[in-house]
Amino acid sequence: MIEFVFLFMIVAAGTGGELCVSRAMKVVGEVHDFRPAALIRFVFRAMRVGWMWIGIAMMTLAFFSLLAMLSIENVSFVVPVTALSYAGGAFGAVLFLHERISAQRWLGVFIVCVGVTLVWLSRR
Amino acid sequence: MKDSPGLHLKTYISILFIVLFAPLGNVLLSRGMKDVGSARNWAPGDILRIFSSIISSGYIWLGIACLLAFFVAYMLVLTWADYSYVQPASSFSYAVVALLGYFLLGETVPPLRWIGIFVICVGVFIVGHTHPRTTEKVPT
């Protein structure tokens with residue numbers, strides 16, 4: 001039962017966190033200069049966006065849930081089942097980031113979810 | 001919609017970094033957590049003991065370093081590519097993590113799990129043939 005709680009927190013907090021970080025990155029803008037000094041300035045610019053901090057908080061929660069799950073199950077099981085976040089991520093991208101998702105991308109996400117189900121069924 | 005020069009190339013290079021560093025980080029975390037062990041009753045004292053073991057584990061810190069490298073690559077790629085493209089494309093890491101779990105940690109990976117991971121990669125392949133950007137850039 002505790003595994004389900006951790007999995008839920010990994011998926012919900014992880015996906016929510018990534019959506020917030022993605023939103024922050026869209027505010028910061030596209031990176032054209034990859035020199036170290038420019039990358040450091042980019043990180044500081046990103047840290048001034050509120051969505052970034054909300055995203056980091058949610059991803060921290062997901063991280064500790066992942067550690068707890070890894071103490072119970074094998075990594076070759078834990079990491080693939082966290083791909084459940086694909087469905088949530090796609091819906092979140094449409095609702096929260098206003099991205100347009102083509103039918104082909106939806107099909108890909110659906111197939112990924114079928115794969116996750118098979119991985120779950122492989123659990124001993 | 002006009003692409004910046006080398007949009008696809010820099011997207012693929014960033015995703016390669018993501019696909020390498022994320023699984024390696026997770027495998028190192030798994031190795032560390034196997035040493036730390038699971039909580040017995042999830043009482044506050046038990047959780048505190050585990051937290052103390054976590055922050056003194058070298059494997060955990062190495063794993064965190066790899067995941068930070070992954071995170072930087074992930075942040076960079078999200079500045080020009082859609083989240084709904086990057087997230088599925090980076091799921092090749094699921095295959096890599098199973099391979100590393102098998103070869104480095106000696107985990108037993110049942111055939112059904114390999115099939116599931118293969119199906120995930122098929123989904124990734126389909127997603128990878130869509131355009132990285134479907135939205136206009138945010139005006140700066």
Side-chain angles (χ1 to χ4, degrees), chain A residues 2 15 18-19 21-32 34 39 42-43 46 59 63 66-68 70-72 74-80 83 85-86 89-90 92-94 97-102 104-105 107-124, chain B residues 4 23 26-27 29-30 32-34 36-39 42 50 54 60 67 72 74-76 78-80 82-88 91 93-94 97-98 100-102 105 107-113 115-131 134-135 137-138 140:
Chain A
I2 193 80
T15 305
E18 287 179 3
L19 285 167
V21 169
S22 182
R23 184 154 190 159
M25 291 301 97
K26 293 293 184 286
V27 172
V28 172
E30 183 172 343
V31 173
H32 297 286
F34 289 88
L39 290 178
F42 160 78
V43 170
M59 289 169 87
F63 176 73
L66 175 71
L67 286 184
L70 284 173
S71 72
I72 301 169
N74 283 342
V75 69
S76 62
F77 171 80
V78 173
V79 175
S85 59
Y86 277 61
V94 170
L97 301 177
H98 309 295
E99 292 180 3
R100 289 189 298 272
I101 299 183
S102 65
Q104 187 181 344
R105 253 190 232 183
L107 176 66
V109 169
F110 171 76
I111 291 172
V112 166
C113 289
V114 171
V116 170
T117 306
L118 293 173
V119 171
W120 183 266
L121 293 173
S122 75
R123 189 178 181 220
R124 283 168 297 170
Chain B
S4 60
N26 282 317
V27 165
L29 290 182
S30 179
M33 288 310 294
K34 290 293 179 289
V36 170
S38 179
W42 300 101
I50 286 179
I54 285 172
I60 297 286
L67 290 177
V72 170
Y74 194 74
M75 285 202 320
L76 289 174
L78 282 175
T79 64
W80 66 79
D82 282 353
Y83 172 78
S84 53
Y85 173 85
V86 175
Q87 191 200 35
S91 78
S93 60
Y94 296 118
V97 84
L100 293 179
Y102 179 77
L105 302 180
E107 291 184 359
T108 302
V109 184
L112 187 59
R113 190 170 303 167
I115 294 168
I117 290 166
F118 173 75
V119 172
I120 290 172
C121 289
V122 171
V124 169
F125 182 80
I126 291 170
V127 171
H129 279 69
T130 58
H131 195 279
T134 60
T135 49
K137 283 193 279 188
V138 175
T140 52

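Side chains included, hydrogens not; waters and symmetry mates left out as well; all remaining heavy atoms used.
- Here CG of A:Leu67 is found 5.0 Å from CD1 of B:Ile60. Values are rounded to the nearest 0.5 Å.
- No side-chain donor-acceptor contact under 3.5 Å links A:Lys26 to the backbone of B:Trp80.
- A:Arg23 CZ to B:Leu78 CG: the interatomic distance, rounded to the nearest 0.5 Å, is 14.0 Å.
- Between A:Ile72 atom CD1 and B:Met33 atom CE the span is 9.0 Å, to the nearest 0.5 Å.
- Among A:Val75, A:Ile111, A:Leu118, the residue making the largest number of heavy-atom pairs under 4.5 Å with chain B is A:Val75.
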- Query: Between B:Lys34 and A:Asn74, does a side chain to side chain contact (heavy atoms under 4.5 Å, CB included) hold up when you go through it step by step?
  - Reply: CA-CA 9 Å; B:Lys34 290 293 179 289; A:Asn74 283 342; 4.1 Å; yes
- Could you check B:Leu29 against A:Phe63 for side chain to side chain contact (heavy atoms under 4.5 Å, CB included), going step by step and ending with a plain yes or no? CA-CA 10 Å; B:Leu29 290 182; A:Phe63 176 73; 3.5 Å; yes
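- In this structure the side chain of A:Ser76 reaches within 4.5 angstrom of the side chain of B:Arg113, judged on heavy atoms.
- Both the backbone and the side chain of A:Phe77 come within less than 4.5 Å of a heavy atom in chain B.
- Residue contact with chain A, scored on non-hydrogen atoms closer than 4.5 Å, is absent for B:Leu100.
- For the atom pair CG (B:Leu76) and CG (A:Leu39), the distance works out to 6.0 Å, reported to the nearest 0.5 Å.
- Using a 4.5 Å heavy-atom threshold, the side chains of B:Val119 and A:Val119 count as separate.
- By number of non-hydrogen pairs under 4.5 angstrom with chain B, the leading residue of A:Ala24, A:Ala46, A:Ser71 is A:Ser71.
- Residues A:Ser122 and B:Pro110 come closest through the heavy atom pair O-CG, 3.8 Å.
- Within the 4.5 Å cutoff, the side chain of A:Pro80 has heavy atoms near those of the B:Val97 side chain.
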- Given side chain to side chain contact (heavy atoms under 4.5 Å, CB included), test B:Thr79 with A:Phe42 step by step and report yes or no. CA-CA 10 Å; B:Thr79 64; A:Phe42 160 78; 3.6 Å; yes
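- Taking each heavy atom of B:Asn26 and A:Leu66 in turn, the nearest pair found is OD1-CD2, 3.4 Å.
- Looking at B:Leu105, only its side chain comes within 4.5 Å of chain A, counting heavy atoms on both sides.
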